[in-house]
Each structure stands twice: as C-alpha cells, then as structure tokens.
Amino acid sequence: MRPLRTFLAVYLSKQERGPVLLNKSRYVSRRCMILERVRVRFAPSPTGYLHVGGARTALFNWLFARHHGGDFILRIEDTDQVRSTEESVQAILDGMSWLGLDWDEGPGKDGGYGPYFQTGRLDLYKKYAQELLDAGRAYYCYCTPEELDERRKKMQEAGEAPRYDQRCLHLTEEEAEKYRAEGRKPVIRFKAKNSGKTIVDDLVRGKVVFDNEVIDDFVIFKSDGMPTYNFAVVVDDYLMKISHVIRGEDHLSNTPKQIQIYEALGWEVPKFAHISMILGPDRTRLSKRHGATSVMQYKADGYLPEAMVNYLALLGWSYNATDNLFTKDQLVEYFSLDGVSKNPAVFDLAKLQWMNGVYIREASLDRLVELMKPYLLDAGYITEELSQPEEERLRGIVAEMQTRLKTLDEIVELTTYFFKDVEEYEEKALKNLKKEYVPELLERLADIFSTLEPFNQETVEKEFKKLQEEYDLKLGKLIHPVRAALTGRTVSPGIYDTIVLIGQEEVVKRLRAGAQKAKELLAE
RNA sequence: GCCCCCAUCGUCUAGAGGCCUAGGACACCGCCCUUUCACGGCGGCGGCAGCGGUUCGAAUCCGCUUGGGGGUACCA
C-alpha cells in the first residue's frame, strides 16, 4: 500500500498539481481503489438512543458514501426481541435527521435491497442457514443456556479457553428426537474451521491475524427463531451489496467469525474498516457516567448540529495538521479512511463547547432567535406570540449574547435581567453600589432618563459623558454602579446597549431602586 | 484466563528514518483591546510510556515490559 501510495502521490503531484497535496489519498481512492460502487451502511440496534459513538460511526459511513458518490444505507438490527423498541427506532431516526445524515436506502426509503429491518428478513436468514445445514457447515444444538453456562465456567476454572465442546455436532436422529420430546428448542451452530488462520484485512489497522483455534462453533440461529448478529450481518451485508463495512472496533474480534461465514457460503468478503472507540475522560468506554451520551440530549442542551458533526468528525479523523473547523461540504470533500486514526479518542466536552460557540457566532441572527425561543419560553421569559416590538427587542438581546454563548441554553442564565426584575444583587454588585456618591448619581440618572427623548444608545451615552464631566469621575465609576442597579450583576453587555434593551421605564425604576439599595447599604 | 487492538502535550491530533530545537487546535496562564463579561489579537506552560535492539542517524522500523481499550453470549 505505502509504496504504491507514495509513488502515486509523487507521480500525480508532478503530473497535475505541484508538490503540495501528497498527504491525503484522494488520488488513490479516485484512481485505483474504488472500482465497484461504494455502498456502506449504518446498522444500529434499536435498544436505546443514538449515542455519540454510534453517531460518529454513522457520520464516517455517511461521509465515505458522499465522498465517493456512493450509497448510504440505514439498516435496523432488531433481532433482539427483548431489547428492541419502536421508540428507539424513532429516536435513532430523529438523531440522524438532526445531524443531517440522510440515507439513500433504509426505513421509509426503499432502494431495492430491503426490507431494512432485520425482523423483516427472516426468510432470507433461514434460507442461508439451511444452505449451511445442507453443506454440513452448521448443525442443530440442543444444549440449554444453563448447561452451557456451567460448562463454560468449568472450562474457565480449568484455565481453558471457553469454547463450545461440539457435543451436538454428531447427534443421531434418536438423540435429537429425545431432546425435542423433552421440549428443548434447538439453536443452529456454525461449524467453524478450527485450524489455520483467518485474516482480517482492515483498511484502518492493516492485516489482523486470528488463529482459528480460538473460534468455536458459535450460534447463528437462536432458539426463538431469530438469527444472531454474526450471521444476520453477513447475510445482509452480502445481499445489500455492501462494499465497505465501517464500524466500531468492538466488532473487530467478531470479524473472523463473519469471514468464515462468507467463505462457507462462497461469498466475497467486503472491505473492513474498524474505527476506534470513544472513551470518557477516565479512558473507559464512554457511558452515561461521563455525562450526556445521547445525541438528542446534546440538542436539548443547546448544541448546534453542525458543531456536533464537526466535532464528531474530528474524533478519530483528521485532515491535516492545522485545520479544525469544517463545513459539512468540506468534510465530504476531504474525508478519507486514511485520515482515520487507530487510537481510541477521549470525548472532550470543552472542545465541543468551544466549537459550538464558534458556530453560534457564525449563525445568522434570524436562526439564532428562533433557536433561543424554546429556552426562553421554558424559562417564562417570553410568551408564545410576540408583538413586533417584542420581537425586535429579542433580536437585540440575542445579538448581544451571540459572542457570549457556548451553548444555547446559557441564554436563560445570561439574560434574566432583561426579562425579570432585579430581586437580588450579587455580592460584588453590592460593593459597586456601596459608595457615597452612588445614591445621588443614580437618582440624577433616573431623572434624566425619565424624560430623555429619544431614548437610544447615542442619547444615553451623551448623558453619561455629561455626567462624567460634571462629577469628574472615571467613566467606570459611573458605569459599574449603574450596571449593578440595572442587572444586579457585574457582568452584562455594554452598558448603553443594556440600558436601551432594558427599556426606558424599567431603567428609571431600577435606578431608583438601586439608589434606595445604596442608601441602605451605606446606612448599615 | 485466552484472543485482538492501541500508545506523541491534560484532551483531539500532525508526523511515513535525517526537513523535529516535535507542529496545530481545545483547555489552562499572562499581556493587549476595553465600562464589566465575551469576542478578537499576541505570547507562555506542556508531550514522543519504559527498556532493549536495527541504523551513520529513530517519535518514526523490530522485540519485550507496562498501561489502556475491545472480544470471548441463544446482545448487537
């Protein structure tokens, strides 16, 4: 691979574009790798929400498909009858839509390779299981889970690798009949090859060699009549003409089993790419213990989908040494399996937050206002229907907040004083009020503002400058107490903006209340 | 236990034997801008897990150790 790539890169750079772009393998993929149509799939099991790990896998598949102009297929692996739910299916679909990962084939979108729910494909699995049975590559097994458990335990205690002992491999018809009479429901086991090696040729990891001795006769059909994952995935990927299986590293160890099934059925194996796990800050697998893992929870927490996509793309993939911010189009253009790294990646909320802030700053004001409304509504700051002036004012407030937010939900905490009376003053704000000159100053300002016409940024600022000269104070000495009186805090947008946005009447009221508060403080 | 994967700043990563005195981003710290906060600008802190090889030369190749992750189900 390497020599060819190096050669190609150098050759092509000489041929068509100067010496710059030899780091990424777009040439390779364009020129010699992809001859068949690219078809990839994301195949979640509907047993919960779309979590960030799954979302990242989906994203990588989606990017790969879009980059190569191939097909992205969504397949629901719902053979676990106990844990699969409809709500989960919906949750996964919602998550995908929010991230903008549209599928070419899948639920609600037939592409000729359906059905796209595994429970709808039972006949297919049965057919190929029968084929294996007929070929002597599979057999019925009547051992109960309890018996298996016990034997497994014993083997482990004896220091052996726990593998199935093949005791049902050569069952006579009488023995089988006896078991059936006992009411036992059989499973079907695959008769694995137990000598030699099975090699997974992985696009991310290179050749990974497994000794066939470690592969036992695993179950391909459960006693409830459902296929197991390792079997169904092979049948589906083959029938759906999947060209590249891009999935989490947790599937790497199971891959040799699947390869053996491909071989037993005489099918060509697809290309594999196993991407590393996402870990929590403590370097264990990311889970709820580490915070939100559901993609839709991030939506609720005020993250933008483009930030999520950008961040997820960077977890285990990079384009070059310097760039971090990518639009979705750029991701599609630049994405390559060569940029995928082998090491597991720790999910870093701080970086996601930073990136979200970047995208909030880039978002249009119109969009931002709409995004904010649910949070403000929920906080009781605004009502469902807004008048024209209210809408205008909201725009102004959101505009002020745009550079100050990392997540949308922070709007609630940061804008309280625009919507609610000042009931409490922060300790530091109290300090700013507790000055001899403050009561008089605030009263003066209240008087001035009560009749100021028009009441806007320029006129307000002018009055501040006048007062500043009159009192011969540094501007800050005026501004800090005013901010304290109007917001109860020491932090707000620029004071003139803040004043105008709070509104004339309310400002006058709060200035007087602030003056009163200052007097009380001084009297203490 | 057995099998497999992985190992560069705290985190994500660049790095394909000399371009490395190891680059970027986030985080953190400092300075500038400034009415506070944020944004923005500038700067700083900080890393090749360890040990052995191979080589004139190793972050890069090999081995071992250590550490982390995954698998080993009638879950997917």
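Only a predicted model underlies this, so the values are computations on that prediction, with no experimental measurement involved. Lettering follows sequence order; numbering is per chain, from 1.
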Exercise. For B/rG57 and B/rG23, measure between their P atoms and round to the nearest Å.
Key: 24 Å
Self-check item: Which residues share a ring pair (Phe, Tyr, Trp, His ring centres under 6.0 Å) with A/Tyr238, sequence neighbours left out
Solution: A/Trp267
Quiz prompt | C1' gap between B/rC37 and B/rG44, integer Å | solution = 23 Å
Self-check item: Lys/Arg N to Asp/Glu carboxylate O, A/Arg205 vs A/Glu249, below 4.0 Å
Solution: yes
Quiz prompt | Toward the 5' end of RNA chain B, by each residue's nearest nucleotide, A/Val208 or A/Arg361 | solution = A/Val208
Exercise. Take A/Tyr128 and A/Leu239, measure what side chain to side chain contact (heavy atoms under 4.5 Å, CB included) needs, and give me the verdict at the end.
Key: CA-CA 11 Å; A/Tyr128 292 106; A/Leu239 293 178; 3.8 Å; yes
Quiz prompt | Gap in Å between the two C1' atoms, one belonging to B/rA25 and one to B/rA14, rounded | solution = 11 Å
Quiz prompt | Paired nucleotide for B/rG17 [Watson-Crick or G-U wobble; both distances under 3.5 Å] | solution = none
Quiz prompt | Residue pairs fulfilling salt bridge (charged side-chain N to carboxylate O under 4.0 Å, His left out) with at least one residue in residues 467-496 of chain A, sequence neighbours excluded | solution = A/Glu413-A/Arg489, A/Arg444-A/Glu470
Quiz item: When every nucleotide of nucleotides 63-76 of chain B is labelled 5' to 3' by its protein contacts under 4.0 Å (heavy atoms), B for base, S for sugar-phosphate only, - for none, what sequence of letters results?
Solution: -----SBBSSSBBB
Could you pull out the protein-nucleic contacts involving nucleotides 28-30 of chain B (nitrogen or oxygen on both sides, under 3.5 Å)?
none

Quiz item: If you look at every strand shown and take non-hydrogen atoms under 4.0 Å, does A/Gly494 touch a base, only sugar-phosphate, or nothing?
Solution: base
Quiz item: Does B/rA59 pair with anything, Watson-Crick or G-U wobble, both distances under 3.5 Å, and if so, with which nucleotide?
Solution: none
Quiz item: Between A/Glu147 and A/Arg184, does at least one N-O distance fall below 4.0 Å, as a salt bridge requires?
Solution: yes
Exercise. Using atom CG of A/Leu315 as one end and atom C1' of B/rU13 as the other, report the distance to the nearest whole Å.
Key: 11 Å
Quiz item: What residues in residues 463-487 of chain A put a non-hydrogen atom under 4.0 Å from any atom of RNA chain B?
Solution: A/Ile479, A/His480, A/Arg483
Self-check item: A/Glu150 atom CD, over 12 foreign heavy atoms within 6.0 Å
Solution: no
Exercise. State, without any angle test, whether A/Asn230 and A/Gln258 hold a side-chain donor-acceptor pair at a distance under 3.5 Å.
Key: yes
Self-check item: Check: A/Phe60 ring centre within less than 6.0 Å of A/Phe42 ring centre
Solution: no
Self-check item: B/rG1 to B/rU8 separation - C1' atoms, rounded to the nearest Å
Solution: 33 Å
Quiz item: Which pairs pass salt bridge (charged side-chain N to carboxylate O under 4.0 Å, His left out) with one or both residues in residues 208-233 of chain A, sequence neighbours excluded?
Solution: A/Lys197-A/Asp211
Exercise. To the nearest Å, give me how far apart CG (A/Leu286) and P (B/rC12) are.
Key: 12 Å
Quiz item: Mapping A/Ser341 and A/Ile495 to their closest nucleotides on RNA chain B, which lands nearer the 5' end?
Solution: A/Ser341
Exercise. Please determine if a side-chain N or O atom of A/Asn432 lies less than 4.0 Å away from the OP1 or OP2 oxygen of B/rU35.
Key: no
Self-check item: Under the ring pair (Phe, Tyr, Trp, His ring centres under 6.0 Å) test, residues paired with A/Phe218 that sit two or more places apart
Solution: A/Phe190
Quiz item: B/rU72 pairs with which nucleotide, Watson-Crick or G-U wobble, both distances below 3.5 Å?
Solution: B/rG1
Quiz item: Roughly how far apart, to the nearest Å, are B/rA76 and B/rC39 at atom P?
Solution: 47 Å
Quiz item: Is there any salt bridge (charged side-chain N to carboxylate O under 4.0 Å, His left out) pair reaching into residues 274-283 of chain A, and which pairs are they, with sequence neighbours excluded?
Solution: A/Asp282-A/Arg289
Quiz prompt | Qualifying ring-ring contact (aromatic ring centres under 6.0 Å, His included) pairs with a residue from residues 139-161 of chain A, counting only residues at least two apart or across chains | solution = A/Tyr142-A/Tyr179
Practice problem: Test for a donor-acceptor pair under 3.5 Å between the base of B/rC37 and the side chain of A/Arg404, counting only N and O atoms. | Solution: yes
Review item, nucleotides 42-48 of chain B N/O atoms under 3.5 Å of protein N/O:
none

Quiz item: Any ion pair linking A/Lys428 and A/Glu426 (charged N to carboxylate O, less than 4.0 Å)?
Solution: no
Practice problem: Give every residue pair that meets the ring-ring contact (aromatic ring centres under 6.0 Å, His included) criterion with at least one member in residues 478-501 of chain A, sequence neighbours excluded. | Solution: A/Phe464-A/Tyr496
Quiz item: Whole-Å distance between B/rC12 P and A/Trp317 CH2?
Solution: 17 Å
Quiz item: Taking only side-chain nitrogens and oxygens of A/Lys342, does any of them come within less than 4.0 Å of OP1 or OP2 of B/rC6?
Solution: yes
Quiz prompt | Partner nucleotide of B/rG30 by Watson-Crick or wobble geometry (both distances under 3.5 Å) | solution = B/rC42
Quiz prompt | A/Phe347-A/Tyr311 aromatic ring centre distance below 6.0 Å | solution = yes
Quiz item: How far, in whole Å, is B/rU65 from B/rA22 if one measures between their C1' atoms?
Solution: 25 Å
Quiz prompt | Between B/rU36 and B/rG43 - C1' atom distance, rounded Å | solution = 24 Å
Practice problem: Describe the nucleic acid contact of A/Val209 in one word from base, sugar-phosphate, nothing, applying a heavy-atom distance below 4.0 Å. | Solution: sugar-phosphate
Practice problem: Rounded to whole angstrom, note down the P distance from B/rC28 over to B/rU11. | Solution: 16 Å
Exercise. Could I get the full list of salt bridge (charged side-chain N to carboxylate O under 4.0 Å, His left out) partners for A/Arg367, not counting sequence neighbours?
Key: A/Glu306
Exercise. Classify the nucleic acid contact of A/Thr322 as base, sugar-phosphate or nothing, counting any heavy atom under 4.0 Å across all strands shown.
Key: sugar-phosphate
